[in-house]
Amino acid sequence: MVKPLVVMVHGTHESKAEWDGYDALLPDAEVLAIDLPGHGAATHQRCTRSNVVAAFDDAFAQAVPHQPVVLVGHSLGGYFSALYANYLADEGRDDLAALVLVGTTADPSSLIALGYKGFLWLISALGVQRMTTISNAFYRLIGNRGELPGRESYQALADGWRVVFDECGPANLRDVQCPVVLVNGQFDQMRVHAKQFARQASHVSAHVVRRATHQLPKTHPSKLAAIIDGVVDEVRS
(Lines give C-alpha, C1' and ligand atoms only; values in the text may rest on other atoms or scores of the structure.)
Protein backbone atom coordinates (compact mmCIF):
# COMPACT_ATOMS: atom_id res chain seq x y z
CA MET A 1 0.00 0.00 0.00
CA VAL A 2 1.24 3.49 -0.83
CA LYS A 3 2.23 5.61 2.15
CA PRO A 4 -0.51 8.02 3.28
CA LEU A 5 0.06 11.68 2.47
CA VAL A 6 0.14 13.79 5.64
CA VAL A 7 -0.60 17.43 4.83
CA MET A 8 0.59 19.68 7.69
CA VAL A 9 -0.70 23.23 8.18
CA HIS A 10 0.97 25.77 10.46
CA GLY A 11 -0.39 28.36 12.89
CA THR A 12 -0.44 32.17 13.09
CA HIS A 13 2.85 34.02 12.47
CA GLU A 14 4.37 30.71 11.33
CA SER A 15 5.17 28.98 8.05
CA LYS A 16 5.62 25.41 6.86
CA ALA A 17 8.97 25.54 8.71
CA GLU A 18 6.96 24.88 11.89
CA TRP A 19 6.91 21.24 10.78
CA ASP A 20 10.63 20.87 10.08
CA GLY A 21 11.81 17.44 11.21
CA TYR A 22 8.40 15.77 11.15
CA ASP A 23 9.25 13.88 7.96
CA ALA A 24 11.90 11.99 9.93
CA LEU A 25 9.47 11.42 12.81
CA LEU A 26 6.82 10.00 10.43
CA PRO A 27 8.72 7.48 8.29
CA ASP A 28 5.54 5.58 7.36
CA ALA A 29 4.00 8.64 5.72
CA GLU A 30 4.75 11.10 2.96
CA VAL A 31 4.85 14.49 4.70
CA LEU A 32 3.79 17.65 2.87
CA ALA A 33 3.96 20.90 4.88
CA ILE A 34 2.34 23.90 3.19
CA ASP A 35 2.38 27.68 3.59
CA LEU A 36 -0.98 29.32 4.16
CA PRO A 37 -1.75 32.40 2.06
CA GLY A 38 -0.01 35.42 3.57
CA HIS A 39 2.65 33.26 5.20
CA GLY A 40 6.06 31.91 4.26
CA ALA A 41 6.52 31.73 0.51
CA ALA A 42 2.90 32.81 -0.01
CA THR A 43 3.14 36.30 1.53
CA HIS A 44 2.06 37.77 -1.82
CA GLN A 45 -1.44 36.32 -1.29
CA ARG A 46 -4.18 37.62 1.00
CA CYS A 47 -5.33 35.11 3.59
CA THR A 48 -8.92 34.94 2.33
CA ARG A 49 -11.26 31.96 2.41
CA SER A 50 -11.01 31.39 -1.33
CA ASN A 51 -7.20 31.50 -1.28
CA VAL A 52 -7.09 29.15 1.72
CA VAL A 53 -9.34 26.62 -0.03
CA ALA A 54 -7.19 26.89 -3.16
CA ALA A 55 -4.03 26.20 -1.09
CA PHE A 56 -5.62 23.06 0.36
CA ASP A 57 -6.83 21.99 -3.09
CA ASP A 58 -3.27 22.32 -4.40
CA ALA A 59 -1.94 20.21 -1.52
CA PHE A 60 -4.53 17.47 -1.97
CA ALA A 61 -3.78 17.42 -5.70
CA GLN A 62 -0.28 16.14 -4.79
CA ALA A 63 -1.76 12.79 -3.73
CA VAL A 64 -1.36 9.98 -6.23
CA PRO A 65 -4.40 7.83 -7.09
CA HIS A 66 -5.65 5.78 -4.11
CA GLN A 67 -3.27 7.54 -1.71
CA PRO A 68 -5.10 8.36 1.55
CA VAL A 69 -4.67 11.89 2.86
CA VAL A 70 -4.36 12.80 6.55
CA LEU A 71 -4.78 16.50 7.29
CA VAL A 72 -2.97 17.93 10.34
CA GLY A 73 -3.56 21.56 11.37
CA HIS A 74 -2.24 23.60 14.29
CA SER A 75 -4.08 26.65 15.68
CA LEU A 76 -5.01 28.86 12.69
CA GLY A 77 -4.10 25.96 10.41
CA GLY A 78 -6.36 23.70 12.45
CA TYR A 79 -9.36 25.99 12.09
CA PHE A 80 -8.73 26.18 8.35
CA SER A 81 -8.30 22.40 8.18
CA ALA A 82 -11.69 21.87 9.82
CA LEU A 83 -13.17 24.47 7.47
CA TYR A 84 -11.74 22.59 4.49
CA ALA A 85 -12.97 19.25 5.81
CA ASN A 86 -16.45 20.76 6.04
CA TYR A 87 -16.05 22.11 2.50
CA LEU A 88 -15.16 18.62 1.24
CA ALA A 89 -18.22 17.18 3.00
CA ASP A 90 -20.46 19.82 1.42
CA GLU A 91 -18.98 18.96 -1.98
CA GLY A 92 -19.65 15.26 -1.43
CA ARG A 93 -15.96 14.43 -1.67
CA ASP A 94 -14.29 11.64 0.30
CA ASP A 95 -10.69 12.80 -0.23
CA LEU A 96 -9.95 12.98 3.49
CA ALA A 97 -8.92 9.85 5.42
CA ALA A 98 -8.42 11.52 8.82
CA LEU A 99 -8.33 14.98 10.38
CA VAL A 100 -5.96 15.90 13.23
CA LEU A 101 -6.57 19.25 14.96
CA VAL A 102 -3.86 20.55 17.29
CA GLY A 103 -4.68 23.43 19.65
CA THR A 104 -7.90 24.12 17.79
CA THR A 105 -10.71 23.61 20.27
CA ALA A 106 -11.63 27.10 21.43
CA ASP A 107 -14.96 28.30 20.03
CA PRO A 108 -14.34 31.59 18.14
CA SER A 109 -17.84 32.76 19.09
CA SER A 110 -17.11 32.49 22.84
CA LEU A 111 -15.84 35.06 25.33
CA ILE A 112 -12.30 33.67 25.09
CA ALA A 113 -12.12 35.18 21.60
CA LEU A 114 -12.60 38.74 22.86
CA GLY A 115 -8.85 39.27 23.30
CA TYR A 116 -8.18 38.16 19.74
CA LYS A 117 -11.02 40.32 18.44
CA GLY A 118 -9.60 43.27 20.38
CA PHE A 119 -6.25 42.74 18.70
CA LEU A 120 -7.94 42.73 15.29
CA TRP A 121 -9.73 45.96 16.23
CA LEU A 122 -6.35 47.51 17.05
CA ILE A 123 -4.97 46.49 13.67
CA SER A 124 -7.99 48.05 11.99
CA ALA A 125 -7.78 51.23 14.09
CA LEU A 126 -4.02 51.75 13.85
CA GLY A 127 -3.41 50.31 10.40
CA VAL A 128 -1.24 47.32 9.57
CA GLN A 129 2.03 49.25 9.23
CA ARG A 130 1.71 51.14 12.51
CA MET A 131 0.61 47.97 14.32
CA THR A 132 3.67 46.17 12.99
CA THR A 133 5.98 48.93 14.23
CA ILE A 134 4.40 49.07 17.69
CA SER A 135 4.23 45.30 18.18
CA ASN A 136 7.80 44.70 17.07
CA ALA A 137 9.05 47.52 19.29
CA PHE A 138 7.39 45.71 22.19
CA TYR A 139 9.00 42.41 21.20
CA ARG A 140 12.43 44.07 21.17
CA LEU A 141 11.70 45.70 24.54
CA ILE A 142 11.08 42.30 26.14
CA GLY A 143 14.31 40.94 24.68
CA ASN A 144 13.36 39.31 21.38
CA ARG A 145 16.43 39.68 19.17
CA GLY A 146 15.35 37.23 16.48
CA GLU A 147 13.57 37.86 13.21
CA LEU A 148 10.31 39.70 13.86
CA PRO A 149 7.04 39.50 11.90
CA GLY A 150 6.76 41.88 8.95
CA ARG A 151 3.82 43.93 7.76
CA GLU A 152 2.52 41.07 5.63
CA SER A 153 2.38 38.82 8.69
CA TYR A 154 0.04 41.19 10.53
CA GLN A 155 -2.07 41.60 7.41
CA ALA A 156 -2.37 37.81 7.18
CA LEU A 157 -3.25 37.65 10.87
CA ALA A 158 -6.06 40.16 10.41
CA ASP A 159 -7.38 38.45 7.27
CA GLY A 160 -7.07 34.91 8.62
CA TRP A 161 -8.65 35.44 11.99
CA ARG A 162 -11.58 37.26 10.41
CA VAL A 163 -12.26 34.06 8.49
CA VAL A 164 -11.97 32.10 11.75
CA PHE A 165 -14.45 34.36 13.54
CA ASP A 166 -16.88 34.29 10.63
CA GLU A 167 -16.74 30.64 9.60
CA CYS A 168 -14.81 28.41 12.01
CA GLY A 169 -16.34 26.72 14.99
CA PRO A 170 -17.40 23.30 16.31
CA ALA A 171 -20.16 23.03 13.68
CA ASN A 172 -17.55 22.56 10.94
CA LEU A 173 -17.06 19.01 12.25
CA ARG A 174 -20.75 18.09 12.11
CA ASP A 175 -20.74 16.55 8.62
CA VAL A 176 -17.16 15.24 8.65
CA GLN A 177 -17.34 11.45 8.36
CA CYS A 178 -13.65 10.56 8.63
CA PRO A 179 -11.94 10.04 12.02
CA VAL A 180 -11.25 13.33 13.84
CA VAL A 181 -8.41 13.48 16.37
CA LEU A 182 -8.26 16.41 18.81
CA VAL A 183 -4.84 17.11 20.35
CA ASN A 184 -4.18 19.74 23.02
CA GLY A 185 -1.43 20.66 25.41
CA GLN A 186 -2.27 20.39 29.10
CA PHE A 187 -1.77 24.13 29.53
CA ASP A 188 -3.17 25.27 26.19
CA GLN A 189 -5.83 27.97 26.50
CA MET A 190 -7.30 26.74 23.20
CA ARG A 191 -8.29 23.48 24.90
CA VAL A 192 -11.23 25.12 26.66
CA HIS A 193 -14.07 23.90 24.40
CA ALA A 194 -12.69 20.47 23.48
CA LYS A 195 -15.89 18.72 24.58
CA GLN A 196 -18.04 20.94 22.35
CA PHE A 197 -15.86 20.15 19.34
CA ALA A 198 -15.83 16.43 20.19
CA ARG A 199 -19.63 16.31 20.38
CA GLN A 200 -19.92 17.52 16.78
CA ALA A 201 -17.73 14.83 15.19
CA SER A 202 -19.04 11.38 14.27
CA HIS A 203 -15.76 9.52 14.92
CA VAL A 204 -13.59 11.37 17.42
CA SER A 205 -10.71 10.71 19.79
CA ALA A 206 -8.89 13.17 22.04
CA HIS A 207 -5.38 13.45 23.45
CA VAL A 208 -3.92 15.80 26.06
CA VAL A 209 -0.14 16.08 26.08
CA ARG A 210 1.11 16.64 29.62
CA ARG A 211 3.08 19.81 30.38
CA ALA A 212 2.57 21.12 26.86
CA THR A 213 1.21 24.54 25.90
CA HIS A 214 -0.15 25.95 22.65
CA GLN A 215 3.37 25.57 21.22
CA LEU A 216 3.00 21.79 21.36
CA PRO A 217 4.24 21.09 17.78
CA LYS A 218 7.56 22.77 18.60
CA THR A 219 8.04 21.73 22.22
CA HIS A 220 6.80 18.13 22.06
CA PRO A 221 7.35 16.99 18.46
CA SER A 222 7.99 13.35 19.33
CA LYS A 223 4.77 13.04 21.32
CA LEU A 224 2.71 14.73 18.64
CA ALA A 225 4.35 12.63 15.93
CA ALA A 226 3.51 9.48 17.90
CA ILE A 227 -0.17 10.47 17.88
CA ILE A 228 -0.08 11.24 14.15
CA ASP A 229 1.77 7.99 13.51
CA GLY A 230 -1.05 6.13 15.24
CA VAL A 231 -3.53 7.80 12.88
CA VAL A 232 -1.35 6.86 9.90
CA ASP A 233 -1.26 3.22 11.07
CA GLU A 234 -5.07 3.14 11.29
CA VAL A 235 -5.37 4.62 7.82
CA ARG A 236 -2.89 2.11 6.40
CA SER A 237 -4.78 -0.80 7.94
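Basis for what follows: all heavy atoms, side chains included, without hydrogens, waters or symmetry-related copies. Bear in mind the structure is a predicted one, so any value in this text is a computation, not a measurement.
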| Will you find, in the side chains of R211 and Q186, an N or O donor that is under 3.5 Å from an N or O acceptor? | no
| message | Within the 4.5 Å heavy-atom criterion, are F80 and L76 side-chain neighbours or not? | response | yes
| Got more than 12 heavy atoms from elsewhere within 6.0 Å of NE2, H44? | yes
| request: First locate atom OH of Y87, then atom CZ of F56, and finally report the distance between them rounded to the nearest 0.5 Å. | output: 12.0 Å
| said: Which label fits W19 and Y22: parallel for a plane angle under 30°, tilted from 30 to 60°, or perpendicular past 60°? | reply: perpendicular
| request: Step through the shown structure and confirm whether more than 12 heavy atoms of other residues, nucleotides or ligands are within 6.0 Å of CZ on R236. | output: yes
Determine all donor-acceptor pairs shorter than 3.5 Å in which one atom belongs to a side chain in residues 26-39; sequence neighbours excluded.
residue : atom : partner : partner atom : Å
E30     : OE1  : Q67     : NE2          : 2.9
D35     : OD1  : K16     : N            : 2.8
D35     : OD2  : A41     : N            : 3.0
H39     : ND1  : P37     : O            : 2.9

| field | Residues that D94 engages under side-chain contact (heavy atoms from CB on, under 4.5 Å), provided they are two or more places apart | value | none
| query | For P108 and G169, which heavy atoms make the closest approach, and how far apart are they? | reply | CD-CA, 3.9 Å
| query | Has R93 got more than 12 heavy atoms of other residues, nucleotides or ligands less than 6.0 Å from its CZ? | reply | yes
Please list, one pair per line, the donor and acceptor atoms closer than 3.5 Å that link side chains of residues 218-232 to other protein atoms, with sequence neighbours excluded.
residue : atom : partner : partner atom : Å
K218    : NZ   : E14     : OE1          : 3.2
K218    : NZ   : E14     : OE2          : 2.7
T219    : OG1  : Q215    : O            : 3.3

| query | So does Q200 have more than 12 non-hydrogen atoms from other groups sitting under 6.0 Å from CD? | reply | yes
